[in-house]
Structures are given as structure tokens and as C-alpha cells.
Amino acid sequence: GALMLILYGSYQLFLFKPKQNNATINKGSLYATAASINLLNPANAAWWLGLFAIPPASTFNLVNKISFGLSALIAIFFTEVLIAYFAQHLKVWLTEKRLNTLYKAVGFVFIVLGIKLLFF
């Protein structure tokens, strides 16, 4: 793991050049982005398993279990949609210069974390 962090950090710090992307995002792709964020993240899968393990272990009746699960599903879905929607508004703030600085900072942090993992 340490070697991977150091290699990826070195690539990010010294070799990575971001691509220019001027594509516009339509509203339909916002929903697809929110769904893919949820489906592809293993931490979300673990969270969902924990979420649906709580009501059966409690004294909830069937109506409470269903309303609990649906409320959580709806709240998380709209949160992810809002994240995807507001992410497109960051384009104004994230200029090319700021992105390059961010990439270099992330590369440096990866290298430092890789070295710390390697020696400590």
C-alpha cells in the first residue's frame, strides 16, 4: 500500500496533466451521477447493510421499518443529487491554476502518507 501511495503521489505531483473538458451537464446526468456514486462506493454498501440491520433488531413494527428505510433512501438520494448539482457550480472557482495546485498538493500528501505507512 505504501509503494502504491508513493508511486501514485509521484505521478500526481510530477507527471499528471489534467484534460480540458468543456462539456455541459444536463439534469438527467445528475441523477445518473448520484446513482453511480451510491452504487459504486463500497463504503455506501456497508452503510446500507448497517442501516437495514437496525430496524429488524429493534422493536419497530412493519410500517415503521418500511418508513424508516424509505426515508433514509429518499434523504440519501436527494443529498447525492444536490452534491452532483452543486459540483458543476465549482467550475467557476476551480480554475486551471487552482486545479494544478490541488493536484500537486494531493500528490505531496500521498507521498507523505506512503512514507509514513512505510516507516511507521
Side-chain angles (χ1 to χ4, degrees):
L3 184 60
M4 289 302 295
L5 279 173
I6 292 169
L7 288 174
Y8 186 71
S10 298
Y11 169 76
Q12 192 83 6
L13 189 60
F14 301 113
L15 301 175
F16 182 73
K17 302 288 184 230
K19 295 178 183 177
Q20 294 292 332
N21 187 3
N22 295 329
T24 59
I25 297 176
N26 62 20
K27 301 236 184 220
S29 69
L30 291 177
Y31 292 106
T33 302
S36 65
I37 288 170
N38 264 326
L39 293 174
L40 298 176
N41 188 348
N44 282 349
W47 190 89
W48 279 106
L49 289 173
L51 174 72
F52 285 105
I54 291 171
S58 68
T59 58
F60 288 1
N61 61 25
L62 182 61
V63 173
N64 289 343
K65 290 177 185 179
I66 291 171
S67 63
F68 177 82
L70 285 176
S71 298
L73 180 66
I74 291 167
I76 292 169
F77 175 75
F78 283 113
T79 301
E80 297 291 344
V81 168
L82 286 173
I83 289 170
Y85 176 75
F86 286 113
Q88 76 178 4
H89 295 293
L90 285 175
K91 288 190 285 189
V92 176
W93 185 79
L94 288 175
T95 62
E96 186 175 339
K97 182 179 178 182
R98 287 181 179 157
L99 274 176
N100 285 332
T101 303
L102 181 64
Y103 289 131
K104 300 236 184 266
V106 167
F108 178 75
V109 168
F110 281 177
I111 291 171
V112 168
L113 290 175
I115 291 170
K116 182 178 184 330
L117 185 62
L118 191 61
F119 290 110
F120 297 103

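- Shown here are the side-chain contact (heavy atoms from CB on, under 4.5 Å) partners of Thr95, two or more places apart in sequence or in another chain: Lys97, Arg98.
- The hydrophobic cluster containing Leu7 also includes Leu3, under a criterion of side-chain heavy atoms closer than 4.5 Å among ILVMFWY residues, counted directly or through chains of members.
- Partners of Tyr8 under the side chain to side chain donor-acceptor pair (under 3.5 Å) rule, at least two apart in sequence or in another chain, are Gln12.
- Each of Tyr85 and Leu94 belongs to its own hydrophobic cluster when Ile, Leu, Val, Met, Phe, Trp and Tyr are linked at side-chain heavy-atom distances under 4.5 angstrom.
- Taking Leu82 as the reference, Phe86 meet the side-chain contact (heavy atoms from CB on, under 4.5 Å) condition, with sequence neighbours excluded.
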Sequence neighbours left out, cut at 3.5 Å: what donor-acceptor pairs do the side chains of residues 103-119 make with other protein atoms?
from   : atom 1 : to    : atom 2 : distance (Å)
Lys104 : NZ     : Leu13 : O      : 2.9

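- One distance of note links CD1 of Ile83 with CZ of Phe78; it measures 13.5 Å at 0.5 Å rounding.
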